[in-house]
Student: 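Input: one structure, supplied below.
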Amino acid sequence: MNVDKLMIDLEKKHPGEVEYLQAVKEVLESIEEVYNQNPQFEAAGIIERLVEPDKIITFKVPWVDDQGKAHVNLGYRVQFNNAIGPYKGGIRFHPSVNLSSLKFLGFEQIFKNSLTTLPMGGAKGGSDFNPKGKSQQEIMRFCHSFMLQLWKNLGPDTDVPAGDIGVGGREVGYMFGMHKKLTGEHTGVFTGKGRNWGGSLIRPEATGFGAVYFAQEMLKAQGETLEGKIATVSGFGNVSWGAIRKLNQLGAKVMTISGPDGYIYDPDGISGEKIDYLLELRASNQDIAKPYSYEFSNAQFHEGKRPWEVKCDLAFPCAIQNELDENDAKNLVKNGCKVVSEGANMPCVPEAIDIFLENKVLYGPGKAANAGGVATSGLEQTQNAMKLSWPAEEVEEKLRQIMINIHDACAKYGKESDGYINYMKGANIAGFIKVANAMLDQGVI
Ligand code: NDP
């Protein structure tokens, strides 16, 4: 494999798809050595077939607002690879959604799902619809219209979507409802469902919990624990909420949360009733940062800034892609940060990752560190297929064990001669080998 040549060819075919090309390059650079040691991969054109999605579905989503005015958004589903199981990956509603961002997320999802050890292929979908400021009825009409276009491409053994940014339990409910009406079947076609109609306990908090378990394992491999460590967290969405709760439970102190407008630094730590207060603000669709700083007087709001300037042992970027740049990485290193565990997908830019690796920071890439969410979705699919519901403790223990296994798989392929573990390399190789071997077994299709 010649990475430079492959990337030039890919850039010609898909000009301007920045996020997608960035994600492919990162994976190819990590697996180059292993790939070239296995000539059967080259002969079967594994890379050329793996970097292109199996199928891309694009469609328009017309909907009517509360004033009776019609709108049209774009909808997508990128079914990337189903070598090891049915397509699986979330649906994102956000104005930034475009084909490039969904192809990047779908590509990453292949390796993430492979790492979980569960039988799930990679996919991603979404729309440039902005749910912010929309009424409940508008959201429902939009979700129904989205599903009217997509339903024929989904099924519990074909493609099983889930939530992502802008898509939580409410939106999954509306989309599932329309799918059920059109098919006449109540199947496990979505994960992240309501708890009383097929959803798994622990799914909402699983991604954040998993990112913390992954950090715990990275520390354990160096003979350390989370107890007493200072953590910075970005965002305050589904993932951040889970991460903050688990960090508190395991004895760390969380100093920050953030939003697109800035971050909150709370020297007393963010825990207990403060988390409940943040959830109330979020549920009522309000900005969180400013009200939080008024309610808890020691807290400071840093407008237009990101939390990576705060001194910490552990950093958890949990908001959005490319939210931690080169300067942020330099600040973290300067301030003695030992661990970066990505709750979000690709939150660190490539230059920031280079800085972490050069400085031997324990860096857990999203495809490993945030795989707890999709792993628990996989557990939800199993429960649906068995028509059973496992207790929360059982699901969480399975999640914890999966995160330990993912850590160990990354360590196996990422350990360097001086003992440092390059988790990014390890995750890419471990995720890739399983999928590549499945593709070899199944022939050129
Ligand atoms: P949510 O929509 O629940 O939360 C996102 C949070 O990030 C919100 O608090 C949002 O603030 C904040 N935010 C958005 N843009 C910025 C910005 N530019 N700077 C700082 N904060 C910002 O999404 P999730 O928590 O579900 O997902 C977060 C990330 O984790 C995404 O990258 C997603 O792909 C990834 N992920 C999610 C999984 C899941 O199970 N949910 C699974 C695996 C990965 P506001 O609400 O004010 O816009």
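First listed ligand is number 1; within each ligand, the first listed atom is number 1. Remember, predicted model here, so these are calculated numbers, not experimental data.
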Student: Can a donor-acceptor pair be found between the side chains of Lys305 and Ser258 at a distance below 3.5 Å?
Tutor: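 No donor-acceptor contact under 3.5 Å links the two side chains.
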
Student: Could you identify the single nearest non-hydrogen protein atom to atom 23 (O) of ligand 1 and state the distance to 0.1 Å?
Tutor: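 Protein heavy atom with the smallest distance to atom 23 (O) of ligand 1: Ile165 CG1, 3.6 Å.
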
Student: Answer with side chain, backbone, both or neither: which part of Arg92 has a heavy atom less than 4.0 angstrom from an atom of ligand 1?
Tutor: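 Within the 4.0 Å criterion, Arg92 contacts ligand 1 through side-chain atoms alone.
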
Student: Return the residue, atom name and 0.1 Å-rounded distance of the protein heavy atom closest to atom 6 (C) of ligand 1.
Tutor: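 Its nearest protein heavy-atom neighbour is Gly237 N, 3.9 Å.
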
Student: For ligand 1 and Phe236, I'd like to know whether there is a polar contact (N/O to N/O, distance under 3.5 Å).
Tutor: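 There is such a contact, yes.
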
Student: Could you pull out, from Asn345, Val374, Asn322, the option with a heavy atom nearest to atom 44 (C) of ligand 1?
Tutor: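 It is Asn345 whose heavy atom sits nearest to atom 44 (C) of ligand 1.
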
Student: With Ser100 as reference, evaluate Glu17, His14, Glu19 under the side chain to side chain donor-acceptor pair (under 3.5 Å) test and give the passing residue.
Tutor: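 Of all the options given, the one that passes is Glu19.
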
Student: How close does the nearest protein non-hydrogen atom get to atom 17 (C) of ligand 1, and which residue and atom is it?
Tutor: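 Going atom by atom, the protein heavy atom closest to atom 17 (C) of ligand 1 ends up being Pro260 CA, 3.7 Å.
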
Student: Can you sort out which atoms of ligand 1 are near Cys318, meaning under 4.0 Å from one of its heavy atoms?
Tutor: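 Counting atoms of ligand 1 from 1, those under 4.0 Å from Cys318 are 28 (C), 29 (C).
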
Student: Say whether Asp164, considering both its backbone and side-chain N or O atoms, lies within less than 3.5 Å of an N or O atom on ligand 1.
Tutor: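 By distance alone, the answer is yes.
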
Student: Mind checking whether Ala162 contacts ligand 1 via backbone (N, CA, C, O), side chain (CB onward), both or neither, at a 4.0 Å heavy-atom cut-off?
Tutor: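 The answer is neither; Ala162 stays 4.0 Å or more away.
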
Student: Suppose we call two aromatic rings close when their centres sit under 6.0 Å apart. Are Phe236 and Tyr292 close by that rule?
Tutor: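 No.
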
Student: For the aromatic rings, using the six-membered ring if either is Trp, is the centroid distance between Phe80 and Phe107 under 6.0 Å?
Tutor: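 Close enough - the centres of the two rings lie under 6.0 Å apart.
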
Student: For Lys434, does the NZ atom have more than 12 heavy-atom neighbours from other residues, nucleotides or ligands under 6.0 Å away?
Tutor: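 Counting neighbours around NZ of Lys434, more than 12 heavy atoms of other residues, nucleotides or ligands fall under 6.0 Å, so yes.
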
Student: Does the cation-pi check pass for Lys134 over Phe129, that is, NZ or CZ under 6.0 Å from the six-membered ring centre and within 45° of its axis?
Tutor: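 Yes, a cation-pi geometry holds between Lys134 and Phe129.
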
Student: For atom 19 (N) of ligand 1, tell me which residue out of Ser258, Pro347, Gly259 has the closest non-hydrogen atom.
Tutor: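 Result: the heavy atom closest to atom 19 (N) of ligand 1 is in Gly259.
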
Student: Quick one: is the NZ or CZ of Lys274 closer than 6.0 Å to the six-membered ring centre of Phe296, and within 45° of its axis?
Tutor: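 Yes, Lys274 and Phe296 form such a contact.
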
Student: Below 4.0 Å from any atom of ligand 1, is there a heavy atom belonging to Arg306?
Tutor: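 Contact check Arg306 vs ligand 1: negative.
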
Student: Is the Phe214 to Tyr423 ring centre distance short of 6.0 Å?
Tutor: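 Yes; Tyr423 has its ring centre under 6.0 Å from that of Phe214.
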
Student: Taking N or O atoms only and a 3.5 Å limit, does Arg203 qualify as a polar contact for ligand 1?
Tutor: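 By distance alone, the answer is yes.
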
Student: Cation-pi between Arg195 and Trp197: NZ/CZ under 6.0 Å from ring centre and within 45° of the ring axis?
Tutor: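 Relative to the ring axis of Trp197, which defines the angle, Arg195 lies outside at least one limit.
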
Student: Is Ser234 close enough to touch ligand 1? Criterion: a residue heavy atom under 4.0 Å from a ligand atom.
Tutor: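 No, that is not the case, since the closest heavy atom of the residue is not under 4.0 Å from the ligand.
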
Student: Would you please determine whether Arg282 falls within less than 4.0 Å of ligand 1 on a heavy-atom basis?
Tutor: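 Heavy atoms of Arg282 do come under 4.0 Å of ligand 1.
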
Student: Please confirm whether Gly166 approaches ligand 1 to less than 4.0 Å, judged on its heavy atoms.
Tutor: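 Yes.
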
Student: Are the aromatic ring centres of Phe142 and Phe93 under 6.0 angstrom apart?
Tutor: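 When the ring centroids of Phe142 and Phe93 are compared, they turn out to be within the sub-6.0 Å range.
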
Student: Please list the nearest protein heavy atom to atom 42 (C) of ligand 1 with its residue and the distance rounded to 0.1 Å.
Tutor: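 Looking at atom 42 (C) of ligand 1, the protein heavy atom closest to it is Thr207 OG1, 3.3 Å.
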
Student: Give a yes or no on whether the ring-centroid distance for Phe146 and Tyr174 is below 6.0 angstrom.
Tutor: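 No - the distance between ring centres of Phe146 and Tyr174 does not fall below the 6.0 Å cut-off.
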
Student: So among Asp54, Asp159, Thr158, Asn153, which one has a side chain to side chain donor-acceptor pair (under 3.5 Å) with Gln79?
Tutor: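 Checked Asp54, Asp159, Thr158, Asn153 against Gln79; only one passes side chain to side chain donor-acceptor pair (under 3.5 Å): Asp159.
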
Student: Under a 4.0 Å heavy-atom limit, does Glu342 contact ligand 1 with its side chain, its backbone, both, or neither?
Tutor: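 The answer is neither; Glu342 stays 4.0 Å or more away.
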
Student: What protein heavy atom is closest to atom 30 (O) of ligand 1, reported as residue, atom name and distance in Å?
Tutor: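 Going by distance alone, atom 30 (O) of ligand 1 is nearest to Ala344 CA, 3.3 Å.
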
Student: I want to know if ligand 1 touches Lys124 in the polar sense, i.e. an N/O pair below 3.5 angstrom.
Tutor: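 Min N/O separation from ligand 1 is not below 3.5 Å for Lys124.
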
Student: Would you mind running through ligand 1 and noting each atom that sits below 4.0 Å from a heavy atom of Gly343?
Tutor: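 Taking each heavy atom of Gly343 in turn, ligand 1 has 30 (O), 35 (C), 36 (N), 44 (C) under 4.0 Å.
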
Student: If you have a sec, work out which protein heavy atom is nearest atom 7 (O) of ligand 1 and how many Å separate them, to one decimal?
Tutor: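 Looking only at protein heavy atoms, the one closest to atom 7 (O) of ligand 1 is Ala319 CB, 3.4 Å.
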
Student: Is there any N or O on Lys132 that sits under 3.5 Å from an N or O of ligand 1?
Tutor: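 Yes, at least one N or O pair falls under 3.5 Å.
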
Student: Tell me, which protein residue and heavy-atom name are nearest atom 18 (N) of ligand 1, and how many Å apart are they?
Tutor: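 Going atom by atom, the protein heavy atom closest to atom 18 (N) of ligand 1 ends up being Ile320 CG2, 3.8 Å.
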
Student: Could you say whether the N/O atoms of Asn238 and ligand 1 ever approach to under 3.5 Å?
Tutor: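 Such a contact does occur with ligand 1.
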
Student: Polar-atom distance check: Val239 versus ligand 1, any N or O pair below 3.5 Å?
Tutor: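 N/O-N/O distance under 3.5 Å: yes.
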
Student: In this structure, which one of Lys398, Lys193, Arg203 forms a salt bridge (Lys or Arg N to Asp or Glu O under 4.0 Å) with Glu380?
Tutor: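 That would be Lys193; it is the only one of Lys398, Lys193, Arg203 passing the salt bridge (Lys or Arg N to Asp or Glu O under 4.0 Å) with Glu380.
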
Student: Take Trp308 and Asn335 through the side-chain contact (heavy atoms from CB on, under 4.5 Å) test and state the conclusion after the steps.
Tutor: CA-CA 10 Å; Trp308 318 125; Asn335 286 330; over 6 Å; no

Student: Which of parallel (below 30°), tilted (30 to 60°) and perpendicular (above 60°) describes His302 and Tyr263?
Tutor: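 The arrangement is parallel - the two ring planes meet at less than 30°.
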
